[in-house]
Amino acid sequence: GNRGGEELSSPLMTTYFAVSHLGHLSAREVHDLYKLRTDIFVVEQKCPYEELEDRDADPATLHIRALENQQLVGCARVYRDGDSVHLGRIAVRKDHRGTGLGATIVRESLAMIDGQFPGLPVRLDAQVVSQGFYEKLGFTVSGEEYDWDGVTHVPMTLSA
């Protein structure tokens, strides 16, 4: 499996990106991934929903992890969904927000998608509050707003 990742340097700290299937992660790495996502999506955003789901363990699902000093600071998840690729579960640890890490995670994910699924459209479900963030990264709204566990989302697709 691909346990490495493209290395990006920043003046202060090096962020490594690792792309893996869940089955290739250690128990500790899986724990850290779920803890980060649960801290953000369930606790911080107060959405009591099923964060641990079968899609994660699917061998076709790829997990992108951003690591600094062996600490997980951000993540994303990618899987093929019919004739498109779904990018989701994009999360940045609270103390790393506002650093550009979120945009870097999306760009790294898109570069990986381009290599693995060339030519397929990329879709995501954005919280409406994050719509502008994704628009800056090349996504456009591709459907109606909808409520997902009490949070308004909007479907977006990467502009060709």
Side-chain angles (χ1 to χ4, degrees), residues 2 5-8 10 13 15-22 24-25 29-58 60-68 71-81 84-117 120-143 145-159:
N2 177 8
E6 192 181 332
E7 196 178 317
L8 289 175
S10 78
M13 201 157 307
T15 305
Y16 293 93
F17 284 87
V19 179
S20 324
H21 298 290
L22 198 71
H24 295 161
L25 298 177
E29 288 168 333
V30 172
H31 166 83
D32 289 348
L33 180 64
Y34 283 144
K35 176 149 180 35
L36 177 70
R37 286 184 3 191
T38 304
D39 283 351
I40 293 170
F41 298 131
V42 180
V43 179
E44 190 181 317
Q45 296 180 0
K46 299 178 176 60
C47 289
Y49 75 102
E50 199 176 336
E51 175 53 38
L52 306 186
E53 54 176 31
D54 294 341
R55 172 80 71 186
D56 283 324
D58 188 312
T61 299
L62 293 166
H63 297 275
I64 293 103
R65 294 174 306 127
L67 302 153
E68 277 181 8
Q71 296 295 306
L72 183 67
V73 293
C75 62
R77 180 175 80 175
V78 168
Y79 58 86
R80 184 162 178 172
D81 188 16
S84 64
V85 179
H86 188 85
L87 173 61
R89 293 299 198 276
I90 300 157
V92 174
R93 207 170 75 190
K94 214 169 188 171
D95 60 355
H96 278 64
R97 292 185 200 151
T99 64
L101 179 60
T104 302
I105 290 170
V106 172
R107 283 194 291 265
E108 285 290 315
S109 300
L110 292 177
M112 187 273 296
I113 289 168
D114 200 43
Q116 297 264 347
F117 309 100
L120 288 185
V122 182
R123 304 186 197 286
L124 57 77
D125 297 293
Q127 293 183 10
V128 166
V129 292
S130 304
Q131 184 180 321
F133 167 80
Y134 292 111
E135 285 172 343
K136 286 193 191 97
L137 291 161
F139 286 84
T140 50
V141 172
S142 54
E145 288 183 8
Y146 61 95
D147 183 286
W148 187 15
D149 287 323
V151 179
T152 307
H153 283 71
V154 64
M156 300 186 82
T157 303
L158 187 64
S159 310

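The basis for the numbers below is simple: all heavy atoms, side chains too, and nothing from hydrogens, waters or symmetry mates.
The shortest side-chain heavy-atom distance between L120 and S84 does not fall under the 4.5 Å cut-off. At a threshold of 4.5 Å between non-hydrogen side-chain atoms, the residues L72 and E29 do not count as touching. Between R65 and L25 there is a side-chain heavy-atom pair separated by less than 4.5 Å. Using a 4.5 Å cut-off on side-chain heavy atoms (C-beta onward), Q71 and D32 make no contact. Looking only at side-chain heavy atoms (C-beta outward), D81 and R123 stay at 4.5 Å or farther from each other.
Checking side-chain atoms of S159 against main-chain N and O of G138 turns up a donor-acceptor pair under 3.5 Å. Judged purely by atom type and a 3.5 angstrom limit, R89 has no side-chain atom pairing as donor or acceptor with the backbone of C75. Distance alone, capped at 3.5 Å, places no donor-acceptor pair between the T61 side chain and the A57 backbone. No donor-acceptor distance shorter than 3.5 angstrom exists from the side chain of S130 to the backbone of A126, with no hydrogens or angles considered.
Rounding to the nearest 0.5 Å places CG of L22 at 13.5 Å from CZ of R55. Expressed to the nearest 0.5 Å, how far CG of L158 lies from CG of L87 amounts to 9.5 Å. For the atom pair NZ of K35 and CD1 of I40, the computed distance is 10.0 Å after rounding to the nearest 0.5 Å. Interatomic distance, I113 CD1 to E108 CD, rounded to the nearest 0.5 Å: 11.5 Å. Distance CZ/R77 to CD1/I64: 10.5 Å, rounded to 0.5 Å.
When all heavy atoms are compared, the tightest approach of L36 to V73 is CD2-C, 4.3 Å. Nearest heavy atoms, V154 versus G143: CG2-O, 3.8 Å. Nearest heavy-atom pair, H96 versus L101, reported as atom, atom and distance to 0.1 Å: CB-CD2, 4.0 Å. Between D56 and H63, the closest heavy-atom pair is O-NE2, 3.0 Å. Across L110 and L137, no two heavy atoms sit closer than the pair CD1-O, 4.4 Å. Smallest separation of non-hydrogen atoms from F133 and G102: CZ-C, 3.6 Å.
Shown here are the side chain to side chain donor-acceptor pair (under 3.5 Å) partners of T99, two or more places apart in sequence or in another chain: there are none.
In this pair, Y134 and F139 present their aromatic rings perpendicular. The plane angle is above 60°, beyond the 30 to 60° band. Taking the six-membered ring for Trp and thresholds of 30 and 60 degrees, H24 and H21 have ring planes more than 60 degrees apart, a perpendicular arrangement.
A cation-pi geometry, defined here as NZ or CZ lying under 6.0 Å from the six-membered ring centre and within 45° of its normal, does not hold between R80 and F117.
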